[in-house]
2 protein chains.
Amino acid sequence: MTVSHRVEPQIVTTLDGAIAVLRSRGLRLSSTRRLMLEALLAAEGPVSAERVASRLNLDAASVHRNLETLERHGLVRHVHLGHGPGLYALLAGGEREYLYCDGCGAARAVPTKELDPLRRRIRERYGFEARFDHFPIVGLCSACAAAGGEERGRELAGPAAG
Amino acid sequence: MTVSHRVEPQIVTTLDGAIAVLRSRGLRLSSTRRLMLEALLAAEGPVSAERVASRLNLDAASVHRNLETLERHGLVRHVHLGHGPGLYALLAGGEREYLYCDGCGAARAVPTKELDPLRRRIRERYGFEARFDHFPIVGLCSACAAAGGEERGRELAGPAAG
DNA sequence: GCGCTGTTGCAAGCGGATTGCAGCTAGGCG
DNA sequence: CGCCTAGCTGCAATCCGCTTGCAACAGCGC
């Protein structure tokens, strides 16, 4: 969770690719690490450390430490969608930013450069360099907004969370 | 912390104003409540429940409950600036949205309507209704961005946090 | 003043994350 | 192929922010 800002991203899409990065960084490939990488590669979206740990029957502390290590080495990034736990994902699909619906918990991932115009606008107006990868744009998706933001609908289209 | 979305805002700038709202809602004015309202009126920016509790020598649970009550009745709003605790403020100055610098922890508050063009743009592009009052726009202020986002400088210009 | 009910403080508990530590193992080296 | 050690692991304890259960207390309408 406490990874210093801006780490050189390592885009990997295969286990071998990830292992190669580990090796090149002098990190070991423990069985725990291998399992985690496989799980992250197979994951649909960002997942919580807790979910990874329980699915793979691993110790939560180790999973947290590993995710932090992977993040420090640019293989993984985590995002805070609403109030829940941090959610981790490989950088397999390149860098992403998120729109998070506070109503239904759905997260929409978009390539970083897609929000560049928005970012530029904020920079021009406020001299502020916005990033939506670690903390997303939060609000209501069209469906929830239409529903008046009253019906939560947490049951449907649930969060990508863990 | 768990206040259902969109409560009719109650803009009050004086203790009497706040008390009037309480009364009209059938809420009591306990000494704890009075102290909290005074503290919130005197506060420069959003403050954490913990800070309120320790400053006033009150029980943290009570402070949390009270802040939630006040928020449920539209007198107070809370915002999540980065990783820390939720920060609470009266709606005295009207509704606000925030830009939070992940580098130095500084929060810039702007009137809600100032970000309406941005919001419109996001709505047009994504059919998404963004709000930056509960979860702010996060990134780097110009100073921190210029510093390469490396020097944290948490010591200076510290967070409005508690 | 009396009593009803909202509110309070304390203590316990919960979810998410971090830390200390002793033991294990990956993998470089001989 | 086996040794050695630094990196890693699981466990247990701890922390932080927040919530909940509960018995006692105190606003405030009468």
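Not measured: the values here are computed from a predicted model.
Computed from coordinates, the A/Tyr88 OH to C/dA17 C1' distance equals 8 Å when rounded to whole Å. Here C/dT8 presents its P atom at 13 Å from CD of B/Glu68, a figure rounded to the nearest Å. Across the protein-nucleic acid pair, A/His83 atom NE2 and D/dT19 atom P stand 9 Å apart, rounded to whole Å. One can place CG of B/Leu22 at 15 Å from P of C/dG6, the figure rounded to the nearest angstrom. Rounded to an integer number of Å, the gap from NE2 of B/His80 to C1' of D/dC16 is 15 Å. When the C1' atom of D/dT9 is taken as reference, atom CZ of A/Arg34 falls 17 Å away, rounded to whole Å. Distance CG (A/Leu35) to C1' (D/dT9): 13 Å, rounded to an integer number of Å. The distance between atom CG of A/Leu27 and atom P of C/dG28, rounded to the nearest whole Å, is 12 Å.
Residues A/Ile11 and A/Tyr98 fall into different hydrophobic clusters, defined by Ile, Leu, Val, Met, Phe, Trp and Tyr side chains chained together at heavy-atom separations under 4.5 Å. If you chain together hydrophobic residues whose side chains sit under 4.5 Å apart, B/Leu91 and B/Val76 never meet in one group.
Using a distance-only test at 3.5 Å, with no hydrogens or angles considered, no donor-acceptor pair links the side chain of B/Arg131 to the main chain of A/Gly139.
A salt bridge between B/Arg77 and B/Glu95 is present, with a side-chain N of the basic residue lying under 4.0 Å from a carboxylate O of the acidic one.
If you check D/dG10, C/dA17, C/dT8 against the side chain of A/Thr32, the one that comes closest is D/dG10. Across D/dT9, D/dC28, C/dC10, the shortest atom-to-atom separation from the side chain of A/Ser30 is found for D/dT9.
Think of B/Val110 as one node in a network of Ile, Leu, Val, Met, Phe, Trp and Tyr side chains linked at under 4.5 Å; its network also takes in A/Leu99, A/Val110, A/Leu115, A/Leu118, A/Ile122, A/Tyr126, A/Phe128, A/Phe132, A/Ile137, B/Leu99, B/Leu115, B/Leu118, B/Ile122, B/Tyr126, B/Phe128, B/Phe132, B/Ile137.
Contacts between residues 54-62 of chain B and DNA chain C, defined by a heavy-atom separation below 4.0 Å, involve B/Leu58, B/Asp59, B/Ala61, B/Ser62, listed by number.
Under 4.0 angstrom from either OP1 or OP2 of C/dA26 there lies no side-chain N or O belonging to A/Ser31. Remark: B/Ser48 is not in phosphate contact with D/dG17, judged by side-chain N or O atoms under 4.0 Å from OP1 or OP2.
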Applying side chain to side chain contact (heavy atoms under 4.5 Å, CB included) to A/Leu75 and A/Val12, what does each step give before you reach the verdict?
CA-CA 7 Å; A/Leu75 286 159; A/Val12 298; 3.6 Å; yes

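Judged by distance alone, with hydrogens and angles left aside, A/Arg65 brings a side-chain donor or acceptor within reach of the base of D/dG10, the pair sitting under 3.5 Å. For a distance-only test at 3.5 Å, the side chain of A/Arg28 fails to qualify as a donor-acceptor partner of the base of C/dG27.
Under the 30°/60° scheme for interplanar angles, the aromatic rings of A/His78 and A/Tyr88 are found to be tilted.
Nucleic acid contact class of A/Arg23 (heavy atoms, under 4.0 Å, all strands): sugar-phosphate only.
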